[in-house]
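First the structure, in the form of structure tokens, and then the observations on it.
Chain A is the first sequence line, chain B the second, and so forth, proteins listed ahead of strands; every chain is numbered from 1.
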Amino acid sequence: MFHSIEKQISSAFHAHIQVRYGIDLEVAIEQPRQSDFGEMAVPAAFQLAKQLRQAPRKIAGELAAEIGPIPGVAALEVAGNGYINIRLDRGAYAADLMRGESPAAGGSAEKIIVEHTNINPNKAAHIGHLRNATLGDTFVRMMRAGGQRVEVQNYIDNTGVQVADVVVGFHYLEKKSLADVQALLADPAVRFDYYCWDLYAHTSSYYKDHPESLPWRSATLHAIEAGVGEVAALAHLVADAVVKAHLKTMLRLDVEYDVLPRESEILHLKFWASAFELLKERKAIYSETEGKNSGCWVMPGLSEEGKVIVRSDGTVTYVGKDIAYQLWKFGLLGKDFYYRPLQTYADGRVLWVTTDEPTATGQQFGHGTRVFNVIDARQSYLQDVVVAGLRALGYNEQADQSIHFNYEMVALSPRCCADLGISLSEEDRKRPYVEVSGRKGLGVKADDLMDSLIAKALEEVSSRHPDDAAEKNLRVATQIAIAALRYFLLKFTRNTVIAFDLQEALSFEGETGPYVQYSAVRARNILRKLEERGEQLPDFGKELDSAAMARQLKSEDFWQMLLAASKVDSAVESAVHSGEPAHVARYAFQLAQAYSNFYQKYSIIHEPDRERKVFLLWMTDFFRAQLERTGSILGIQIPEYM
RNA sequence: GGGCGCGUAGCUCAGGUGGAUAGAGCAUCAGCCUUCUAAGCUGAGGGUCGCAGGUUCGAGUCCUGCCGCGCCUACCA
């Protein structure tokens with residue numbers, strides 16, 4: 001609503017300036033810092049001042065006097081040394097809001113692919129993975145809210161070194177057979193992903209103490225790549241089981257995917273071979289004959305010595321496979337996966353996984369026009385190599401549409417390490433934060449964190465609602481815990497290193513997810529209480545015409561609140577544009593704050609004046625709807641009670 | 001050495017394309033529950049926006065240099 005008026009005003013000024021001064025000016029609309037300056041401010045006079053060689057104030061005066069009426073606008077005022085401040089017609093604005101907005105047309109031909117989560121399937125997910133998944137999932141929700149077509153991919157590297165290391169742990173260190181590991185999986189007392197977490201750390205430290213055992217790793221990798229024998233079967237067993245655990249962990253956060261492209265299929269379907277031919281044919285890589293990279297296929301340009309794509313032993317590096325995958329995402333590889341359904345989510349969405357066997361499903365993925373790779377900032381260099389690869393192949397357009405949606409890592413604060421009983425080296429203790437390391441087994445497991453949050457929320461909920469069923473309280477506590485976690489991970493902008501602090505993450509007060517939920521729950525409570533008293537929710541359309549709205553909105557307080565609540569779309573759109581889910585989180589908080597304030601200040605159900613009461617109820621209902629909508633974009637559900 | 005990022009209140013962080021008196025949460029202090037849920041609300045204190053220049057009507061924001069911190073810079077992923 002707010003957004004469409006902004007556009008109207010901008011184009012009205014644009015047209016007028018074109019006619020009056022013959023200047024084609026992109027008219028910006030700002031929001032005044034002080035609310036009593038009006039709802040919008042046009043700084044166009046400043047921009048014109050240079051070209052016209054006149055004082056901004058004088059130009060602003062001319063513009064305001066001559067532009068004529070603009071629909072929805074009540075008044076134009078010249079202020080400061082050249083701002084034109086705009087006051088909207090409040091009654092008309094509110095009446096429009098009540099009528100409901102015309103849904104965003106959207107529906108462009110664009111198909112956006114977002115790849116996120118991408119956890120190596122060799123251990124339990126940790127807090128760093130949660131930041132990735134939450135960021136990716138929220139960004140997807142933001143774009144889908146704007147009517148975009150988005151496909152979510154979660155890449156599974158089920159044949160890599162990390163999986164191999166856990167297999168080494170089972171096979172060489174623990175001397176477990178395939179059947180032994182199957183038994184382990186069947187044992188309900190064992191959390192398999194946690195077991196692997198420890199085993200991975202164990203194997204890593206074993207290599208360190210016994211470097212002579214490193215050939216185990218390459219032998220295992222070769223067996224996995226060849227795809228035969230017990231070791232290969234073991235690798236599949238481990239990876240599949242851990243993937244299943246990750247999906248379950250992510251589902252707790254309401255994170256869903258459309259497809260899991262797996263490295264094993266990239267291997268078996270020879271995606272790399274196609275990409276390799278393409279790269280050679282178009283001279284994007286060359287065979288190095290001297291220096292330290294002698295015998296390798298190298299991509300030039302990125303560093304002095306170039307980036308090795310194919311090692312001297314003929315095996316391809318990770319980046320090479322990534323280039324093939326990126327080509328596939330754009331439909332440029334000339335090859336495709338086959339797919340089979342893996343599971344169906346509660347909302348009906350089907351999750352597919354790649355396979356190398358032809359299937360009759362007719363399902364298709366990929367062929368995107370834009371690709372977002374949600375990958376942490378430490379991998380910027382590799383992402384640059386992938387994009388450079390596309391460019392070297394002549395795919396400049398796709399290179400431009402390949403976006404590394406990067407974010408900084410989650411580290412642990414020293415206090416957090418102390419709380420968790422993690423002992424630090426002398427060196428680490430001096431640092432502002434400590435990097436999470438799967439290899440060292442250093443980190444906070446995602447499920448443990450969620451469990452702590454739920455336990456804490458449950459304590460609160462049951463003390464407030466001792467009479468409600470335990471099962472119901474648990475459901476509410478879970479919703480609160482997840483909201484707290486998602487909000488915590490989203491409130492930081494992407495390039496901020498999160499020094500994870502348990503105390504802070506466990507907080508449900510102030511700028512948190514539960515605060516947002518609480519505000520919406522209160523709004524709902526009022527509407528419910530009204531019905532419990534035997535009153536009916538008024539027919540707002542009938543009782544509040546624009547004249548009534550205008551009377552009520554003479555109150556600056558009400559007007560400012562309504563204005564704030566009507567900006568969901570512009571907030572989300574600008575957050576999509578800047579690629580910052582944190583901006584949506586912040587907006588949700590501001591919305592909640594505004595309603596909390598309103599709730600505290602005005603008595604709604606007990607308001608004696610009928611028109612005012614109906615208006616207050618309408619505001620309550622409007623806020624409720626806007627809070628729920630913004631919450632759902634953040635992946636935050638509003639509980640029944642709190 | 002090179003590349004990227006960061007430095008804003010005691011702490012943790014926001015501050016689209018330069019714009020009006022630099023904001024929020026936490027913490028601290030002082031108030032508000034017989035009245036729609038106190039996971040809340042009101043108020044107070046707290047700032048040389050790392051430092052120094054530059055660009056202009058105007059700089060936390062743009063440019064240069066310096067200082068401090070982090071990440072990356074593998075024939076690991």
Side-chain angles (χ1 to χ4, degrees), chain A residues 26 28 30 32-34 37 41 43 46 49-50 55-56 79-83 85 120 157 160-163 217 288 292-298 302-304 307-319 321-322 376-382 384 406 408-409 411 413 431-433 435 439 457 460-461 464-465 480 484 491-493 495-499 501 503-504 507-515 517-519 521-523 525-530 532-533 574-575 577-578 580 582-583 585-586 589-590 592-593 596-597 599-607 616 620 641-642:
Chain A
E26 187 70 30
E30 292 176 1
R33 193 159 294 209
Q34 274 174 265
F37 286 161
F46 293 106
K50 271 180 199 155
N81 38 357
Y83 276 102
N85 290 337
N120 273 304
D157 183 3
V161 175
Q162 302 220 22
V163 169
R217 175 191 273 171
E288 180 65 84
K292 73 174 180 103
N293 291 338
S294 177
C296 300
W297 284 90
V298 176
L302 287 137
S303 64
E304 273 176 47
K307 173 70 194 166
V308 172
I309 305 295
V310 180
R311 303 184 187 98
S312 52
D313 66 1
T315 58
V316 59
T317 59
Y318 177 80
V319 221
K321 285 178 268 189
D322 230 20
D376 80 88
R378 285 171 291 192
Q379 300 195 45
S380 293
Y381 176 63
L382 295 178
D384 289 346
N406 62 338
E408 278 291 348
M409 63 179 168
S413 72
R431 294 167 172 272
Y433 44 73
E435 202 171 335
R439 212 167 274 281
E460 288 280 336
V461 174
R464 287 157 201 248
H465 304 277
I480 292 169
K491 74 178 190 180
F492 300 94
T493 49
N495 53 14
T496 298
V497 176
I498 300 181
D501 188 281
Q503 318 274 330
E504 212 182 307
S507 166
F508 297 156
E509 287 163 21
E511 197 192 339
T512 64
Y515 177 94
Q517 291 175 310
Y518 190 63
S519 189
V521 164
R522 284 171 137 188
N525 274 350
I526 288 180
L527 301 171
R528 203 194 58 226
K529 269 273 159 50
L530 188 78
E532 279 172 15
R533 287 162 56 105
S574 79
H577 186 254
S578 60
E580 270 310 352
H583 293 166
R586 180 155 285 268
F589 175 64
Q590 284 167 353
Q593 230 176 4
S596 289
N597 195 295
Y599 179 94
Q600 186 77 23
K601 213 161 165 184
Y602 304 100
S603 176
I604 297 163
I605 289 179
H606 306 287
E607 169 58 45
L616 293 172
T620 293
Y641 54 87
M642 278 181 82

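Of all nucleotides listed (A77(B), C41(B), A14(B)), A14(B) comes nearest to the side chain of R586(A). Comparing G40(B), A20(B), G15(B) by their closest approach to the side chain of T493(A) singles out G15(B). Picking from A39(B), A77(B), G25(B) the nucleotide with the shortest atom distance to the side chain of Y518(A) gives A39(B). Counting only heavy atoms from C-beta on, Q600(A) has its side chain closest to G40(B) among G40(B), A24(B), A39(B). Taking the side chain of Y381(A) as heavy atoms from C-beta on, and the options A77(B), U73(B), U42(B), the nearest nucleotide is U73(B). Across C71(B), G40(B), A77(B), the shortest atom-to-atom separation from the side chain of S596(A) is found for G40(B). In this structure, of G40(B), C36(B), G25(B), it is C36(B) that holds the atom nearest to the side chain of K529(A). Which of A39(B), A14(B), A20(B) sits closest to the side chain of T496(A) comes down to A14(B). The side chain of H606(A) approaches U35(B) more closely than any other nucleotide in the set C75(B), U35(B), A39(B). Minimum atom distance to the side chain of Y515(A) is reached by C41(B), of the listed C41(B), G25(B), C71(B).
Phosphate contact (OP1/OP2 of A39(B), side-chain N/O of R464(A), threshold under 4.0 Å): present. In this model, the phosphate group of U17(B) is not approached by any side-chain N or O of H577(A) to a distance below 4.0 Å at OP1 or OP2. In this model, the phosphate group of A77(B) is not approached by any side-chain N or O of R378(A) to a distance below 4.0 Å at OP1 or OP2. A close approach under 4.0 Å does not occur between any side-chain nitrogen or oxygen of Y599(A) and OP1 or OP2 of A39(B). Not one side-chain nitrogen or oxygen of N597(A) sits closer than 4.0 Å to the OP1 or OP2 atom of C41(B). Here Q593(A) reaches the OP1 or OP2 of G25(B): one of its side-chain N or O atoms lies under 4.0 Å away.
Between Y515(A) and F508(A), the distance from one ring center to the other does not fall under 6.0 angstrom.
Using a 4.5 Å cut-off on side-chain heavy atoms (C-beta onward), V310(A) and T315(A) make no contact. Using a 4.5 Å heavy-atom cutoff, the side chains of L382(A) and D322(A) are not in contact.
Base contact: S312(A) has a heavy atom under 4.0 Å from a base atom. Note on V461(A): a base of the nucleic acid sits closer than 4.0 angstrom, heavy atoms only. Contacts of S413(A) with the nucleic acid, taken as non-hydrogen atoms under 4.0 Å apart, are absent. Heavy atoms of V521(A) sit under 4.0 angstrom from at least one base atom.
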* Asked: If pairs are Watson-Crick or G-U with both distances under 3.5 Å, what is the dot-bracket string of RNA chain B, marking crossing pairs with [ ] and pairs to another strand with |?
  -> (((((((..((((.....[...)))).(((((.......))))).....(((((..]....))))))))))))....
* Summary of protein contacts for nucleotides 2-12 of chain B, nucleotide by nucleotide, where a base hit scores B, a sugar-phosphate-only hit scores S (4.0 Å, heavy atoms) -> ---SS-----S
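G70(B) and A30(B) are spaced 41 Å apart, taking the C1' atom of each and rounding to whole Å. G53(B) and A44(B): their C1' atoms are spaced 39 Å apart (whole Å).
The base of C36(B) has none of its N or O atoms less than 3.5 Å from a complementary donor or acceptor on the side chain of S603(A).
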